[in-house]
Amino acid sequence: MPIIHYIDSNGGEYEVEVPEGCSVMQGAIDGMIDGILAECGGQCRCGTCHCYVDEHWLDKIVKVDEVEAMMLEAVVEPRHNSRLSCKIKVTKEHDGLIVRIPERQY
């Protein structure tokens, strides 16, 4: 099972085994990682699963679609590597993926 590395805004690092096909957001929830709120339950409607994907992984995840791009316009402190973790479905190629959690979601 792929291991996803979550780094919180205080530098705390957490490794979670996430089944293929699950989202990075669901991995954070199942792993009880603070900071990923996911208020809409992964429907790409709230932006509270915002994360920053490590630079080395940007080419290895699916590109931002139109709906996600609109939601990312409303997140706190967006960056060029901002993503909604609900939109990143884990595959075996994502083993070792690093995501950083913003200081706040709203």
Sub-4.5 Å side-chain heavy-atom contact between Leu72 and His50 | yes
Please determine which of Val24, Val62, Val18 meets the side chain to side chain contact (heavy atoms under 4.5 Å, CB included) test together with Ile88.
-> Val24
Consider only side-chain heavy atoms of I, L, V, M, F, W and Y, link residues closer than 4.5 Å, and tell whether Leu58 and Met71 are in one cluster.
-> no
Spacing of Glu17 atom CD and Asp95 atom CG [to the nearest 0.5 Å] | 9.0 Å
For Asp59, does the CG atom sit with more than 12 other heavy atoms under 6.0 Å from it, leaving out its own atoms?
-> no
Validation row: Asp54, Arg100 side chains within 4.5 angstrom (heavy atoms) | yes
Same hydrophobic cluster for Ile36 and Trp57, using side-chain heavy-atom links shorter than 4.5 Å among ILVMFWY?
-> yes
With a 4.5 Å limit on heavy-atom distance, are the side chains of Glu39 and Cys46 in contact?
-> yes
Check the surroundings of atom CD in Glu66: do more than 12 heavy atoms from other residues, nucleotides or ligands lie under 6.0 Å from it?
-> no
Met70 CE to Cys44 SG distance, which is reported to the nearest 0.5 Å = 8.5 Å
Under 3.5 Å, side chain of Gln105 to main-chain N/O of Val76, donor-acceptor pair present?
-> no
Please check if the side chain of Tyr6 supplies one atom and the backbone of Ile33 the other of a donor-acceptor pair under 3.5 Å.
-> no
Flag yes if more than 12 heavy atoms outside Asp30 fall under 6.0 Å of its CG atom; otherwise flag no.
-> yes
Report yes if the side chains of Lys63 and Glu68 come closer than 4.5 Å at any heavy-atom pair, otherwise no.
-> no
Distance, nearest 0.5 Å, that separates SG of Cys49 from NZ of Lys87 | 10.0 Å
Compare all side-chain heavy atoms of Gln43 with those of Cys86 and state whether any distance is below 4.5 angstrom.
-> no
Are the side chain of Ser23 and the backbone N or O of Lys89 linked by a donor-acceptor pair below 3.5 Å?
-> no
Please check if Met25 and Tyr52 belong to a single hydrophobic cluster, counting links between Ile, Leu, Val, Met, Phe, Trp and Tyr side chain heavy atoms closer than 4.5 Å.
-> no
Quick one: do Ile29 and Ile7 end up in the same hydrophobic cluster if we chain Ile, Leu, Val, Met, Phe, Trp and Tyr together by side-chain heavy atoms under 4.5 Å apart?
-> yes
Expected output: side-chain Asp65 to main-chain Val67 donor-acceptor under 3.5 Å = yes
Would you say Asp8 and Tyr14 make side-chain contact, with heavy atoms under 4.5 Å?
-> yes
Residues Pro2 and Lys92: closest non-hydrogen pair is CG-CA, 3.9 Å
Heavy-atom side-chain proximity of Val64 to Leu84 below 4.5 angstrom = no
Look up atom CD in Glu13 and atom CD1 in Ile98, then write down how far apart they are to the nearest 0.5 Å.
-> 8.0 Å
